[in-house]
Engineer: 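Quick one: the structure is below, questions incoming.
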Amino acid sequence: KDIEEELSNISYIHALRDSPQTLALQWILNRDKQALCPGDDVLIQRYVMAVFYYSTKGDTWTKCTDMEGTPCEPEDHNTPRDDGTPLVRWLSEESEC
């Protein structure tokens, strides 16, 4: 079973050429540094977060996008949150979200 087949069970990934679903699939297949495989525990969660990202025009966000160079809050994204967990860039290699 391949990634496309697995994700087609939860989403119509070829609805429109530039739909958030298709963009998320293409991102997972071609750009995602996690390089997930079919059956990975976080594949569906990662895909859903990517669909959300593209649905909300994440490429136009000014903070904490998947692209380097956009600042996270606080400005130094190595500074941990109040609970001690580090800030992680959206759809980064370090987190499925």
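For reference, positions follow the sequence shown, starting with 1.
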Engineer: To the nearest 0.5 Å, what is the distance between CG on D2 and OG on S8?
Structural biologist: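 Between D2 CG and S8 OG, I get 8.0 Å after rounding to 0.5 Å.
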Engineer: Report yes or no: does T56 contribute a side-chain atom to a donor-acceptor pair with the main-chain N or O of F52 at less than 3.5 Å?
Structural biologist: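 It does hold such a pair.
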Engineer: Looking at Y54 and A24, what are the two nearest heavy atoms and their distance?
Structural biologist: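 Reported closest heavy-atom pair: CD1-N, 3.8 Å.
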Engineer: Mind checking what makes side chain to side chain donor-acceptor pair (under 3.5 Å) contact with N30, not counting sequence neighbours?
Structural biologist: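 With sequence neighbours excluded, N30 shows a side chain to side chain donor-acceptor pair (under 3.5 Å) to Q26, given in chain and number order.
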Engineer: If I compare all heavy atoms of Y47 with all of L25, which pair ends up nearest, and what's the gap?
Structural biologist: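 So the two residues come closest at CE1-N, 4.0 Å.
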Engineer: Which heavy atom in C37 sits nearest to a heavy atom in L43, and how many Å separate them?
Structural biologist: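 Where C37 meets L43 most closely, the heavy atoms are O-CD2, 4.1 Å.
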Engineer: Restricting to non-hydrogen atoms, name the atom on I28 and the atom on R46 that form the minimum distance, rounded to 0.1 Å.
Structural biologist: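 For I28 versus R46, the nearest heavy atoms are CD1-C, 4.3 Å.
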Engineer: Please report the interatomic distance CG(D41) to CG(L36), rounded to the nearest 0.5 Å.
Structural biologist: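 The distance works out to 10.0 Å.
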Engineer: Considering non-hydrogen atoms only, spot the tightest contact between Q21 and S11 and give its length.
Structural biologist: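 Where Q21 meets S11 most closely, the heavy atoms are CG-OG, 3.1 Å.
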Engineer: Between D32 (side chain only) and Q34 (backbone N and O only), is there a donor and an acceptor less than 3.5 Å apart?
Structural biologist: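 Yes.
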